[in-house]
Each structure stands twice: as structure tokens, then as C-alpha cells.
Number of protein chains: 2
Amino acid sequence: MQPLPPAESLNQRLADIGLRSTPQREVVYSELLRKRDHPTAEEVFARVKSELPTISLATVYNCLETLVQCELVRAVNFERSPTRYCPNLRPHAHFHDEQTGRTYDIDLPPAVLSEVNQVLPAGFDASSVEITFRGQARPAS
Amino acid sequence: MQPLPPAESLNQRLADIGLRSTPQREVVYSELLRKRDHPTAEEVFARVKSELPTISLATVYNCLETLVQCELVRAVNFERSPTRYCPNLRPHAHFHDEQTGRTYDIDLPPAVLSEVNQVLPAGFDASSVEITFRGQARPAS
DNA sequence: TGTCCTATTTGGAATAATTCCAATTCCAAG
DNA sequence: CTTGGAATTGGAATTATTCCAAATAGGACA
């Protein structure tokens, strides 16, 4: 029950949903894993160009969308700013620092998650819940 | 400690932050209160035109932004879809029905809200938290 | 190995929501 | 009245993203 190494798990997940493994998908995914600072598509694009100089922005968007479908990556939205991408698979909330714009992952204990889900009245069936804080961060770490 | 009637409270809030009361702001606000279905700016624009035929879309955006500053209205974002506006001042989460696109307010008991806020490590000071469910709704009401 | 078929990538155009801007218009105070 | 700042207006600009049609790339199979 160890997590698979990234490349393994990517190839596996792609195969699971009938998609191919490609250099573009691999590079985009490993870039997300390398620097987990919730980059935008444009930022990922800039970063992967050194590895794959001919990659296009459209492909970066495609790959990111594919990774989201594979459930290896979460798309995160703050207000109207560009979508950011996050390869953290543990249940977590996001904290958006209003001064710096930085985003932090906040682990969500199962107990809290289940209490949150209990606020839903009968007839509401949630497939996902997203919790987003905004404020000022001065993290110890 | 009764809530003030809407117009009162709007004029009050505007005055508090040094802004004027205008027909546009009043009409936009009362339209939000009249049909609380989380309309987009375009939808508000369409609805207020009968009352104020010369109002412009830019003004609707301005007014909505002003109401948000007054803290009489919350801006709600789902993924990348257009911002929706919500005049519900009670602490609540949003439930986004993936089939119909409809949005429901879900009351948040203070206990849940405070438990959610407790997941924040030291050094994280949240000014607001937004909880969004996605899924399928078949509400009793 | 070569061929074919389809998935994928690519670049550029198109779209959609929102913001910007400069020119009026509107008030409210003096 | 006049005047100064606030607010509104219409249209242009911006930004993130999606769309699209053409080119490329891989894998299956003869």
C-alpha cells in the first residue's frame, strides 16, 4: 500500500482511463511535483519549456486537464485569478495569503471533513467539497 | 437589534464607507434581494434594465463590487464560471448542483465554522473562509 | 519494416468575463 | 448658480481559456 513512484502512477492512471503516456504529460506532471507552489498554466508552461522547448501553451492546458481527470492533480481557483494546479492528493484546504498571493495547503483531519459534510440537509449529495481560507500567513515552517 | 430594512441598511452602509446612494446601486441591490438565485452580473443587468433602461453593464459590475465592499453581498465563484452574487448575510456554504447549475445556500452552524477554523496552524490568520460543495441536489424544499 | 489509424500536439484564432478609460452626467456644498 | 468630485456610460482593452484545423507521432498489425 506504498504510493507508487510518480511516473508509474501517472502511466497507470492514464492507462486506466484509456489515454496514452506522452513526454508532454510526463514533463508537466513531474514539474508539478518538483515545485509544489501551485503554479498557473502559464507558469508551468514557462518552467517546462527548458525541458521540452517546442511544447505549446495549449498542450500545457490539455495536460493539466488530463492530470485533473486522472485525479493526480487538483485545480484550485481563487476568485477570478488564473487556475492553479496542486499535486497534493491528501484531503486538504487551501489558504490564500492576500499580501503575497502565496497558497498553502492545510491538512484536513477526517473528523473535520466529516463534520463539514454533515451540514448538508437530506437530498444534497456532494461529490466534493472545497474549503478556502483567505487572510494573512506567517507560517512557522 | 432587528435587521434594518434593505434600503436603510444600504444607505447606511454606503455612508459608512463614504459613498453615495444612487438609483443604480439601489436597484441592483433590491434586484438581488428580490430573486435570490445567485445571478451573474449579466443576469442582474438583464433584470434591472426594465427598471433603469439606460443602465450599463459596467455600472452593474461597479454596483455589485460596491455592494461587496459594503459587505451586503457576497461574490461567489465556481471554477471558472462567471461570478455570482448572493445577498445572504448569514454564515453559509454553497452547494453547486452539477446537473442544473443551480446554487443553494447551506447554513453553517457556528460550531462547524469554529471547528473548521481550528484546522489552521499557528501563523495563519484567516479573514474569511469559503466552503463549496459540488454534487447533485434533490432538495426537499 | 511499412502502413494505417487514431490520439495527441501545435499555433493561432476565437470566446467570455471582466476591467479600464476617457468623456459625460449628476449632485451637493458653498 | 457654480464648481469639484463622485458616479455612470459606452466602448475598447485585457486576460485566461477554449476551440479548431492541420501536422505529428505512436502503436497495432500485416
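Basis for what follows: all heavy atoms, side chains included, without hydrogens, waters or symmetry-related copies. Below, chain A is the first sequence line, B the second, and so on; all start at residue 1.
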Inset, instruction - Check for a donor-acceptor pair, side chain of B:Glu43 on one end and backbone N or O of B:Thr40 on the other, with a separation under 3.5 Å. - result: yes

Legend entry - Donor-acceptor pair, side chain of A:Ser30 and main chain of A:Glu26, under 3.5 angstrom: yes

Legend entry - Sugar-phosphate, base or nothing in reach of A:Thr83, heavy atoms under 4.0 Å: sugar-phosphate

Inset, instruction - Would you indicate what B:Ser81 reaches in the nucleic acid, counting non-hydrogen atoms under 4.0 angstrom: base, sugar-phosphate, or nothing? - result: nothing

Should [X] be listed as having a side-chain N or O under 4.0 Å from OP1 or OP2 of [N]?
X	N	answer
B:Thr22	D:dT8	yes
B:Thr59	D:dT9	yes
A:Thr54	C:dT9	no
B:Arg25	D:dA7	yes
A:Arg80	C:dT18	yes
A:Gln24	D:dA25	no

[X] [atom1] to [N] [atom2], straight-line distance once rounded to whole Å:
X	N	atom1	atom2	result
A:Glu79	D:dT15	CD	C1'	16 Å
A:Glu42	D:dT17	CD	P	8 Å
B:Tyr61	C:dT19	OH	P	7 Å
B:Leu64	D:dT8	CG	P	12 Å
A:Ile55	C:dT8	CD1	C1'	11 Å
A:Leu14	C:dA7	CG	P	14 Å
B:Asn77	C:dA16	CG	P	18 Å
B:Lys49	D:dT8	NZ	P	17 Å

Inset, instruction - Look at the side chain of A:Arg20 and decide which nucleotide, out of D:dG26, D:dA7, C:dT18, has an atom nearest to it. - result: D:dG26

Inset, instruction - Kindly point out which of D:dG11, D:dC19, C:dT9 is positioned nearest to the side chain of B:Ala58? - result: D:dG11

Legend entry - Test item: B:Pro109 and B:Val112 side chains (from C-beta on) under 4.5 Å apart, heavy atoms: yes

Inset, instruction - Could you check B:Pro23 against A:Ser21 and say which one's nearest nucleotide on DNA chain C is further toward the 5' end? - result: A:Ser21

Legend entry - Test item: side-chain donor near acceptor, B:Arg74 and B:His92, under 3.5 Å: yes

Legend entry - First encountered from the 5' end of DNA chain D, between A:Arg84 and B:Asn62: B:Asn62

Inset, instruction - Quick one: which residue pairs count as a ring-ring contact (aromatic ring centres under 6.0 Å, His included) with a foot in residues 44-91 of chain A, not counting sequence neighbours? - result: A:Phe78-A:His96

